[in-house]
Number of protein chains: 2
Amino acid sequence: MITLTEENYIKAIFHLGKQGSETVNTNALAEAMSTKASSATDMIKKLAEKNYANYKKYQGVSLTEDGKRVAVNIIRKHRLWEVFLVEKLNFTWDQVHDVAEQLEHIKSQKLIDELDAFLGFPTHDPHGDPIPDKSGKFIHIEKLSLASAKVGIVYMCVGVNDSSVDFLKYLDNNAISLGTRMEIVHKEPFDHSIKIRLNGRELMVSQTVGKNLFLKEV
Amino acid sequence: MITLTEENYIKAIFHLGKQGSETVNTNALAEAMSTKASSATDMIKKLAEKNYANYKKYQGVSLTEDGKRVAVNIIRKHRLWEVFLVEKLNFTWDQVHDVAEQLEHIKSQKLIDELDAFLGFPTHDPHGDPIPDKSGKFIHIEKLSLASAKVGIVYMCVGVNDSSVDFLKYLDNNAISLGTRMEIVHKEPFDHSIKIRLNGRELMVSQTVGKNLFLKEV
DNA sequence: ATATATTTTTAGACTTATCTAAATATATAT
DNA sequence: ATATATATTTAGATAAGTCTAAAAATATAT
Ligand SMILES: [Mn+2]
Ligand SMILES: [Mn+2]
Ligand SMILES: [Mn+2]
Ligand SMILES: [Mn+2]
């Protein structure tokens with residue numbers, strides 16, 4: 001039996017440590033969990049005790065195979081629910097995350113299998129993030145950030161790095177969504193801002209935007 | 001802020017005390033919550049403190065208007081999710097309750113409003129229980145138990161009193177579901193068993209079944 | 001009316017997850 | 001190499017929800 005809190009820590013270790021294999025610092029984990037380092041230490045010990053995490057004092061934490069399995073399953077549930085909310089319940093992509101944070105902890109194998117089928121076995125969530133299949137495999141599409149895109153080439157938007165409400169609304173306000181095509185017009189060396197052309201009009205975006213928007217060549 | 005545990009106690013008080021207005025014994029509440037009377041006492045105090053419950057020592061507990069609002073909202077969510085699971089995700093009526101027990105605690109007004117609309121504003125759950133509308137109103141249809149039905153009259157099954165897996169599977173095995181029509185053929189005075197006719201065939205059911213199946217005249 | 005049984009509450013302990021403050025280990029700078 | 005800074009762990013408290021055992025109140029029986 002695994003608690004909701006344990007699940008959330010495991011998920012955080014997975015995300016911080018590149019799929020849970022790299023070692024994660026106690027402070028980084030505490031920061032991600034909006035808690036104190038002492039609390040993180042307590043939980044790390046508990047996860048190690050339960051064989052979800054590898055831990056040596058002062059040496060950071062990583063996930064065991066069991067821990068990774070748990071993490072992937074929660075991520076799968078989270079992203080499937082996000083698809084459901086957008087596709088079936090008229091949520092926008094900036095409204096789904098908080099609800100999915102709750103829904104991802106519902107325990108029922110049949111529920112998630114049926115939801116997957118009901119949605120037509122989606123491979124990506126509303127933010128372009130891949131949805132692991134039942135066996136835990138991610139479909140990885142190669143993508144690059146707008147910041148590293150090349151002038152003169154046409155790309156399609158395939159994801160976001162930052163899924164914050166503010167960023168997603170910024171994209172909405174500028175009519176950028178998954179599938180939107182854009183050409184890189186100019187990259188300003190001074191402040192790394194980027195001029196792009198989409199749907200005829202030109203738009204200037206900051207380096208921050210550039211780093212948080214994922215593209216692929218079309 | 002209200003915890004999951006508080007919500008479950010409030011729901012139990014509501015169900016035990018006929019919509020929360022009648023007074024509920026500490027022992028009955030503990031029994032319903034599968035816990036000890038001392039724990040129930042602690043929670044009753046807490047609910048009274050938060051103005052969800054009326055409580056005088058040794059005199060039992062009932063819900064305040066606030067408490068009733070909370071209870072009705074949870075019941076609304078529970079039953080809407082049950083409809084979703086049956087209508088959209090191929091769950092059978094004996095599979096939905098445990099999952100709905102989890103889903104009913106998800107907090108998002110938009111989620112429940114949109115789910116309601118997505119399902120076509122259903123008025124009853126898969127067990128025939130009424131779903132309160134957004135304002136908390138129940139549509140009450142008059143129904144009677146099979147045990148109190150009259151010989152020679154034709155009825156339609158509209159609900160169950162006992163939603164246990166065993167009872168629901170018993171009904172499945174005997175091809176009885178919501179909407180099934182049946183005529184009362186004979187009521188046995190000795191053990192109160194009942195002979196009914198449905199779809200041409202005759203079936204003998206016990207008094208227990210009679211008390212747990214709800215009908216209305218057609 | 002008094003004794004007995006039942007119900008309910010209280011007292012004190014335990015678990016999980018959190019916190020603050022202090023101690024200890026590791027990393028960095030001179 | 002030693003001092004200083006940073007990161008991590010430990011110690012001790014707190015709050016929520018639970019438990020057992022004992023005390024107190026209420027209900028029932030003779
Ligand atoms: Mn999300
Ligand atoms: Mn997402
Ligand atoms: Mn139910
Ligand atoms: Mn139901």
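The structure displayed is predicted, hence computed values, not measured ones. As a basis for the values below, the full set of heavy atoms in this structure was taken, side chains included, without hydrogen atoms, waters or symmetry mates. We name chains A, B, ... by the order of the sequence lines, and we start the count at 1 in each one.
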Check your understanding: Could you state the CE-P distance from M43(A) to dC19(C), rounded to the nearest angstrom?
Key -> 12 Å

Review point. After noting the C-alpha distance and the side-chain angles of Y170(B) and V209(B), does the key distance pass the side chain to side chain contact (heavy atoms under 4.5 Å, CB included) rule?
Key: CA-CA 9 Å; Y170(B) 166 88; V209(B) 170; 3.6 Å; yes

Check your understanding: To the nearest angstrom, how far is K45(B) atom NZ from dA11(C) atom C1'?
Key -> 10 Å

Check your understanding: Which one, dT8(C), dT18(D), dT18(C), comes nearest to the side chain of T41(B)?
Key -> dT8(C)

Practice item. Return no unless some side-chain N or O of N25(A) is found under 4.0 Å from OP1 or OP2 of dA7(D). Key: no

**Study point:** Interatomic distance where OH belongs to Y55(B) and P belongs to dT8(C) [whole Å]
**Key:** 9 Å

Check your understanding: When you measure from the centre of the six-membered ring of F91(A), is the NZ or CZ of K110(B) under 6.0 Å away and within 45° of the axis?
Key -> yes

Point to revise | Spacing between L29(A) atom CG and dT18(C) atom P, to the nearest angstrom | key: 11 Å

Review point. Would a distance-only check, ignoring hydrogens and angles, find a side-chain to backbone donor-acceptor pair under 3.5 Å from Q102(A) to K107(B)?
Key: yes

Review point. Please give, in whole Å, the distance from dT18(C) P to I44(A) CD1?
Key: 12 Å

Practice item. Going by the salt bridge (charged side-chain N to carboxylate O under 4.0 Å, His left out) test, name the single residue among R79(B), K11(B), K77(B) that passes it with E104(B). Key: K11(B)

Check your understanding: Is K88(B) positioned over the aromatic face of F118(B), cation under 6.0 angstrom from the ring centre and no more than 45 degrees off axis?
Key -> yes

Check your understanding: Between atom CE in M1(A) and atom P in dT15(C), what is the gap in whole Å?
Key -> 14 Å

Check your understanding: Reading nucleotides 20-26 of chain D from the 5' end, what letters show protein touch, with B for base, S for backbone sugar-phosphate only, - for no heavy atom under 4.0 Å?
Key -> B---BSS

Review point. Could you walk me through whether D116(A) and R76(A) pass the salt bridge (charged side-chain N to carboxylate O under 4.0 Å, His left out) check?
Key: CA-CA 10 Å; D116(A) 194 18; R76(A) 172 170 157 78; 3.1 Å; yes

Practice item. Answer with base, sugar-phosphate or nothing: what part of the nucleic acid does K56(B) contact at a heavy-atom distance below 4.0 Å? Key: nothing

Check your understanding: To the nearest angstrom, how far is D42(B) atom CG from dT9(C) atom P?
Key -> 10 Å

Check your understanding: Taking atom types as modelled, is there a side-chain donor on N8(A) or H105(A) under 3.5 Å from an acceptor on the other?
Key -> yes

Review point. Roughly how many Å is it from CD in E31(B) to P in dT6(C), rounded to a whole number?
Key: 16 Å

Review point. Hey, does the side chain of N27(B) come within less than 4.0 Å of dT6(C)'s phosphate (OP1/OP2), counting only N and O?
Key: no

Practice item. Dot-bracket for DNA chain D, please, read 5' to 3', with Watson-Crick or G-U wobble pairs under 3.5 Å on both distances, ( ) within the strand, [ ] crossing, | other strand, . unpaired. Key: ||||||||||||||||||||||||||||||

Practice item. Can you establish whether the number of heavy atoms outside K195(A) located under 6.0 Å from its atom NZ is more than 12? Key: no

Check your understanding: Could you state the interatomic distance from NZ (K36(A)) to CD (E31(A)), rounded to the nearest 0.5 Å?
Key -> 11.0 Å

Point to revise | Phosphate contact (dT9(C) OP1 or OP2) by T26(B) side-chain N/O below 4.0 Å | key: yes

